[in-house]
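To start, the structure under review is shown below, and the notes come after it.
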Amino acid sequence: HFTDRGFVLWNGQTATVTRDGAEVSVPVAPHWELVGANPVEPVGGARLAHTVGYFRGNDPAKWHAGIPAYRDLRYPNILDGIELRVEGREQGFEYSFHVQPHAKPDLRFRYEGIAALEKSAAGDLIVRTAKGYFTESRPVSYQWIEGTRREVESSFELVSAQEYRIAVGPYDEDHALVVDPVLDSS
């Protein structure tokens, strides 16, 4: 679902597990967030013909129906000078960051409710969960300068057991930059 800090891969369900001798509540599905995100309202792009709804609990006041559905959403200024774009795909979704000239692409992420984060030999991020794993393909970063697409080196770096960042190599800060990881499922 989408929040004011970006999107969250979490259905709200938790389970009680024993960790270091203590019982703790953990998400059943991963919770993913952009570290340091500004609270922003998403802007819908191409509207779809259908609407969606969700119904939690027994209180009809907390039920929501007829919510517009969009093929894509933009989160302007999710980080200073950076827009997050999320687009629905047949097999899930894709997201990308659009960095304005002279903005700093400090892209850090945190997962909760995962078993482990790993980086493959090919540079892909592997997110292990209690139900299996999914991967994010090594990010592709580029700039359009004078009508030519110029690739910019970028990679995942593990920060901790639950955090990672996208490191971006040298680029021309006078031009916009696109950082485009690809979420794959398994």
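Worth saying up front: this structure is predicted, and the values here are computed from it rather than measured.
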**Prompt:** How long is the span from the OG1 atom in T129 to the OH atom in Y111, to the nearest 0.5 Å?
**Reply:** 10.0 Å
**Asked** Are the side chain of W32 and the backbone of E112 linked by a donor-acceptor contact shorter than 3.5 Å?
**Response** no
**Message:** Counting C-beta onward and ignoring hydrogens, is there a side-chain heavy-atom pair between L117 and I126 closer than 4.5 Å?
**Reply:** no
**Prompt:** V99 and V40: same hydrophobic cluster, using ILVMFWY side-chain contacts below 4.5 Å?
**Reply:** yes
**Prompt:** Should V178 and V140 count as side-chain neighbours, where that means a heavy-atom distance under 4.5 Å?
**Reply:** no
**Check: L79 and L34 side chains under 4.5 Å, non-hydrogen atoms** = yes
**Prompt:** Which atom names give the shortest non-hydrogen contact between P139 and F156, and what distance separates them?
**Reply:** CD-CE1, 3.4 Å
**Prompt:** Linking I/L/V/M/F/W/Y whenever any side-chain heavy atoms sit under 4.5 Å apart, do L107 and L158 land together?
**Reply:** yes
**Request:** Answer with yes or no whether the hydrophobic clustering places Y70 together with V43; edges join I, L, V, M, F, W, Y residues whose side-chain heavy atoms lie under 4.5 Å apart.
**Result:** no
**Request:** Indicate the atoms forming the closest heavy-atom contact of R128 with I114, along with that distance.
**Result:** O-CB, 3.4 Å
**Min side-chain heavy-atom separation Q143-V152 under 4.5 Å** = yes
**Asked** Looking at side-chain heavy atoms only, is the closest gap between R74 and H98 below 4.5 Å?
**Response** no
**Message:** Walk me through whether E163 and R165 qualify under salt bridge (charged side-chain N to carboxylate O under 4.0 Å, His left out).
**Reply:** CA-CA 7 Å; E163 286 190 31; R165 66 185 289 267; over 6 Å; no
**Message:** In terms of relative ring orientation, are Y95 and F109 parallel, tilted or perpendicular, with 30° and 60° separating the classes?
**Reply:** perpendicular
**Message:** Looking at every non-hydrogen atom in both residues, tell me the closest pair between D72 and A46 and how far apart they are.
**Reply:** OD1-N, 3.0 Å
**Request:** Might you confirm whether atom CG of D174 has over 12 heavy atoms from other residues, nucleotides or ligands at distances under 6.0 Å?
**Result:** yes
**Contact summary for D106 and I82, nearest pair of heavy atoms** = N-CD1, 4.5 Å
**Asked** Is there a donor-acceptor pair under 3.5 Å between the side chain of T135 and the backbone N or O of S137?
**Response** no
**Prompt:** Any side-chain heavy atom of T51 sitting closer than 4.5 Å to one from I67?
**Reply:** no
**Item:** Residue list, salt bridge (charged side-chain N to carboxylate O under 4.0 Å, His left out) with K119, at least two apart or on another chain
**Value:** none
**Message:** Walk me through whether R108 and V159 qualify under side-chain contact (heavy atoms from CB on, under 4.5 Å).
**Reply:** CA-CA 9 Å; R108 290 183 48 158; V159 175; 3.8 Å; yes
**Request:** Could you pull out all residues at least two apart from R150 that satisfy salt bridge (charged side-chain N to carboxylate O under 4.0 Å, His left out)?
**Result:** none
**Student check: side-chain heavy atoms of D80 and N38 closer than 4.5 Å** = yes
**Message:** Main chain of S96, side chain of D180: is a donor-acceptor contact present, judged purely on distance under 3.5 Å?
**Reply:** no
**Request:** State, with a plain yes or no, whether a side-chain heavy atom of Y133 is found less than 4.5 Å away from one of V127.
**Result:** no
**Fill in**
Nearest heavy-atom contact between Y164 and E136 is OH-OE2, 2.9 Å
**Closest non-hydrogen atom pair between Y171 and P105, with its separation** = OH-CD, 3.2 Å
**Item:** Pair E87 + R85: basic N to acidic O under 4.0 Å
**Value:** no
**Item:** Gap between atom CG of L125 and atom OG of S120 - 0.5 Å precision
**Value:** 8.5 Å
**Complete:** Taken to the nearest 0.5 Å, the spacing of R149 CZ from Y142 OH works out to 5.0 Å
